[in-house]
Amino acid sequence: MSNIDIAQAAQLEPIGVIADRLGIPAEALEPYGRHKAKVSLEFARSIRDRPRGHLVLVTAVSPTPAGEGKTTTTVGLGDALNRVGARAAICLREPALGPVFGMKGGAAGGGYAQVVPMEDINLHFTGDFAANGVATNLLAALIDNHIHHGNALGIDVRRVTWRRVLDVNDRALRDVVAGLGGPGNGYPRESGFDIVVASEVMAIFCLATDLADLKARLGEIVIGHTRERQPVRARDLDAHGAMAALLRDALAPNLVQTLEHTPAFVHGGPFANIAHGCNSYLATDTALHLADYVVTEAGFGSDLGAEKFVDILCRSTGLRPSAAVIVATVRAMKYHGGVEVADLATEDVAALRRGAVNPRRHIEIVHGVLGLPVVVAINHRAEDTDAEVAALQEEAAAAGVTAVVARHFAEGGRGAEELAREVVRLCEEPSEPALTYPDDATLWDKMRAIATRIYGASDVTASSAVRAQIRRLQEEGYGGYPVCVAKTQYSFSTDPRLRGAPTGHVVDIREVRLAAGARFVVMICGDIMTMPGLPAVPAANTIDVTDDGRIVGLF
């Protein structure tokens with residue numbers, strides 16, 4: 001059975017039953033049909049005095065074309081924790097339509113470790129992404145409208161940095177000219193589109209602690225500069241109130257369930273290779289006040305997701321993971337050991353041992369740099385041989401951590417019970433999460449710390465124009481912000497072809513963007529795009545709906 005076949009065959013419980021397991025009263029729910037609901041912000045605020053449970057962070061080795069199953073492992077671990085007697089919930093990002101219709105496909109887990117209703121979650125869900133997109137584009141429209149009607153703020157049309165967004169991969173919109181067609185259509189200027197999950201509004205949405213914080217952060221957005229090089233903010237355009245109004249209902253966390261009826265908060269969704277890659281703070285914080293264990297994921301490998309989870313989300317909100325899980329597969333290790341995708345099903349222990357440099361680097365990042373107790377979860381596949389699994393466990397042991405085989409894809413929570421027991425044990429170990437760099441380091445030194453301590457690079461470089469921009473941001477008072485790196489997820493370097501654990505490379509900063517409302521500075525490195533394109537054969541070509549309304553081919 002395909003993933004969608006398994007999901008559509010599942011017997012879901014009414015969302016009120018799932019909420020009741022966490023002690024969420026019916027009056028705190030805003031149902032979206034029978035199987036999904038939003039949890040009111042009032043209720044989330046009312047439980048903040050309760051103690052928090054243990055936060056478990058799921059990250060992974062460097063991604064490969066075969067996929068490692070980080071979301072699937074998050075779901076399977078949540079189910080397994082409940083099976084071994086722990087009171088658990090999970091928190092995931094909402095899937096973006098770009099990857100759903102592009103190369104990756106759906107992002108609600110897989111096999112017998114999924115969140116459901118899978119089709120709803122992967123498509124429009126509760127409309128959160130649409131709200132984020134409209135809020136972003138409203139600000140863009142207000143900017144151009146202000147300029148058209150006299151430009152009282154003196155905005156320099158050459159220095160407007162705010163871009164429109166779309167939740168579809170569309171390379172033709174990366175660079176556009178807006179305002180063509182004569183005076184009635186405004187001033188012509190160069191601009192472009194980003195994908196919704198790369199937008200600053202999405203980052204703000206996921207970092208905001210409440211509605212007031214959301215509105216304040218939206219007001220802090222810098223949309224461009226005047227002719228005198230003074231920043232112009234969204235609040236200068238009186239835009240932040242309307243933007244907050246558009247996002248008010250979306251800000252409430254979404255509640256769904258897994259195939260085994262574990263409560264699942266699925267809310268927010270910034271990419272980790274071009275944004276900060278964490279689900280919303282509000283969803284995670286709410287879950288932590290309701291469950292003893294909350295399992296959440298950070299996007300892609302630990303060099304992107306886990307680093308940003310700790311250095312951006314935890315730094316700004318006070319969240320602290322008790323333990324971390326690094327997801328690895330036998331296939332991934334062979335790929336990082338030099339085996340091509342077509343040959344990954346063939347046993348190759350030597351290649352696996354060569355590729356084990358990759359998980360060792362991730363272990364060093366999560367445990368050595370970020371200070372978290374770690375277990376490696378071997379996401380089992382049917383073609384894995386006993387010799388390969390044993391070799392991967394030996395390599396993990398040599399790095400000082402336990403590697404546990406997890407079969408949740410095929411067996412659901414039952415297949416991840418050993419992993420769950422190890423996670424419970426790790427959560428009881430004393431630990432002190434650490435940051436990659438101090439708050440008072442300069443922006444340049446923060447970037448260098450990430451490059452050298454996380455990516456294994458020897459140094460960072462940038463053009464004179466980019467260096468000048470970084471110095472200007474430092475001088476304007478943004479030096480205390482954390483750094484959010486946008487780079488390829490496929491390598492520790494900025495070259496996706498460099499597998500394993502390259503060292504000594506140089507990370508070049510191509511572009512810098514200020515996200516004043518999100519309160520971080522984005523450093524764009526390598527050829528990464530904030531508006532992806534579709535592949536030659538996009539997943540959209542296989543998605544369809546039958547005459548009776550059943551969606552097929554989704555994932």
Side-chain angles (χ1 to χ4, degrees), residues 3 6 54-64 66-84 86 88-93 95 104 106-116 118 258-260 262 264-266 272 277-279 293-302 304-306 309 321-333 358-359 362-363 366 372-382 384 389 392-393 396 401-424 426-427 489 555:
N3 292 325
I6 293 170
H54 290 290
L55 180 59
V56 180
L57 175 62
V58 177
T59 184
V61 298
S62 300
T64 71
E68 282 56 66
K70 183 158 42 59
T71 301
T72 305
T73 301
T74 300
V75 176
L77 175 57
D79 289 337
L81 283 165
N82 281 314
R83 288 180 64 92
V84 300
I90 67 171
C91 290
L92 297 171
R93 293 171 295 162
K104 182 179 179 183
Y112 290 91
Q114 296 189 55
V115 282
V116 283
M118 184 260 236
T258 71
L259 292 174
E260 298 185 14
T262 293
F265 291 88
V266 181
C278 311
N279 71 278
Y293 294 86
V294 174
V295 186
T296 189
E297 67 169 11
F300 298 121
S302 71
L304 287 170
F309 189 93
S322 298
V325 177
I326 297 175
V327 180
T329 62
V330 165
R331 287 170 64 91
M333 295 309 91
N358 189 268
H362 288 286
I363 291 167
V366 178
L372 302 177
V374 175
V375 59
V376 173
I378 303 175
N379 187 10
H380 188 267
R381 298 177 66 105
D384 297 347
V389 170
L392 182 47
Q393 289 178 313
V401 302
T402 299
V404 177
V405 179
R407 293 179 169 84
H408 44 276
F409 183 91
E411 301 176 12
R414 178 171 59 90
E417 289 183 9
E418 183 182 353
L419 176 63
R421 283 187 283 268
E422 178 64 11
V423 165
V424 169
L426 288 176
C427 285
Q489 67 269 31
F555 188 48

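Here the structure is a predicted model, which is why all the values come from computation and not from measurement.
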Spacing of CD1 belonging to Ile363 relative to CG belonging to Leu372, to within rounding of 0.5 Å = 13.0 Å

ask   = So, for Leu57 and Ala298, which heavy atoms are closest and what is the spacing to 0.1 Å?
value = CD1-CB, 3.8 Å

task = Output, in order, the C-alpha distance, side-chain angles, deciding distance and verdict of side chain to side chain contact (heavy atoms under 4.5 Å, CB included) for Val266 and Asn279.
result = CA-CA 7 Å; Val266 181; Asn279 71 278; over 6 Å; no

request  = Check Ala328 against Val61 and note the closest heavy-atom contact, atom names and distance.
outcome  = CB-CG1, 3.8 Å

Donor-acceptor list for residues 401-408 side chains, cut-off 3.5 Å, not counting sequence neighbours:
from, atom 1, to, atom 2, distance (Å)
His408, NE2, Thr73, OG1, 3.2
His408, NE2, Asn379, OD1, 3.4

task = Spell out, as yes or no, whether a donor-acceptor pair under 3.5 Å connects the side chain of Lys70 to the backbone of Gly301.
result = no

key: For Glu411, salt bridge (charged side-chain N to carboxylate O under 4.0 Å, His left out) partners two or more places apart   = Arg414

request  = Not counting sequence neighbours, which residues clear side-chain hydrogen bond (donor to acceptor under 3.5 Å, both in side chains) with Thr74? List them please.
outcome  = none

task = Give the minimum heavy-atom separation between Phe409 and Gly111, together with the two atoms involved.
result = CE1-N, 3.2 Å

Set of residues satisfying side-chain hydrogen bond (donor to acceptor under 3.5 Å, both in side chains) with respect to Glu297, sequence neighbours excluded = Thr71

note = So salt bridge (charged side-chain N to carboxylate O under 4.0 Å, His left out) across residues 71-83, not counting sequence neighbours, yields Arg83-Glu417

note = With Ser62 as partner, the option from Glu68, His362, Gln489 fulfilling side chain to side chain donor-acceptor pair (under 3.5 Å) is His362

message = List the residues meeting side-chain hydrogen bond (donor to acceptor under 3.5 Å, both in side chains) with Arg381, not counting sequence neighbours, and say none if there are none.
response = Glu383

side-chain hydrogen bond (donor to acceptor under 3.5 Å, both in side chains) partners of Asn82, counting only residues at least two apart = Thr262

inquiry  = Can you tell me how far apart CD1 (Ile378) and OG1 (Thr329) are? Round to the nearest 0.5 Å.
reply    = 9.5 Å

task = Before giving the answer on side chain to side chain contact (heavy atoms under 4.5 Å, CB included), spell out for Gln114 and Asn3 the whole-Å C-alpha distance, their side-chain angles and the decisive distance to 0.1 Å.
result = CA-CA 8 Å; Gln114 296 189 55; Asn3 292 325; 3.9 Å; yes

request  = Using atom types as modelled and distance alone, determine if a side-chain donor or acceptor of Thr72 lies under 3.5 Å from a backbone N or O of Gly110.
outcome  = yes

inquiry  = For His54, give me all partners under ring-ring contact (aromatic ring centres under 6.0 Å, His included), at least two apart in sequence or on another chain.
reply    = Tyr293

key: Test side chain to side chain contact (heavy atoms under 4.5 Å, CB included) applied to Cys278 - qualifying residues, sequence neighbours left out   = His276, Phe309, Leu313

query = Do Leu392 and Asp384 have side-chain heavy atoms sitting under 4.5 Å apart?
reply = no

task = Taking side chain to side chain contact (heavy atoms under 4.5 Å, CB included) as the test, write out the residues that go with Phe265, two or more places apart.
result = Leu22, Ile24, Val39, Cys91, Pro253, Leu255, Ala283, Thr286, Ala287, Leu290

ask   = What distance do Leu92 atom CG and Thr296 atom OG1 have between them, rounded to the nearest 0.5 Å?
value = 6.5 Å

key: Considering all heavy atoms, the nearest Ala88-Leu81 contact   = CB-CB, 3.7 Å

note = Here the pair of heavy atoms bringing Ala377 nearest to Val325 is CB-CG1, 3.6 Å

request  = For Ser322 and Cys427, indicate whether the former's side chain and the latter's backbone hold a donor-acceptor pair under 3.5 Å.
outcome  = no

task = Measure the shortest side-chain to side-chain distance between Val330 and Val389 over non-hydrogen atoms and say whether it is less than 4.5 angstrom.
result = yes

note = Val327 and Gly69 have their tightest heavy-atom pair at CG1-O, 4.2 Å

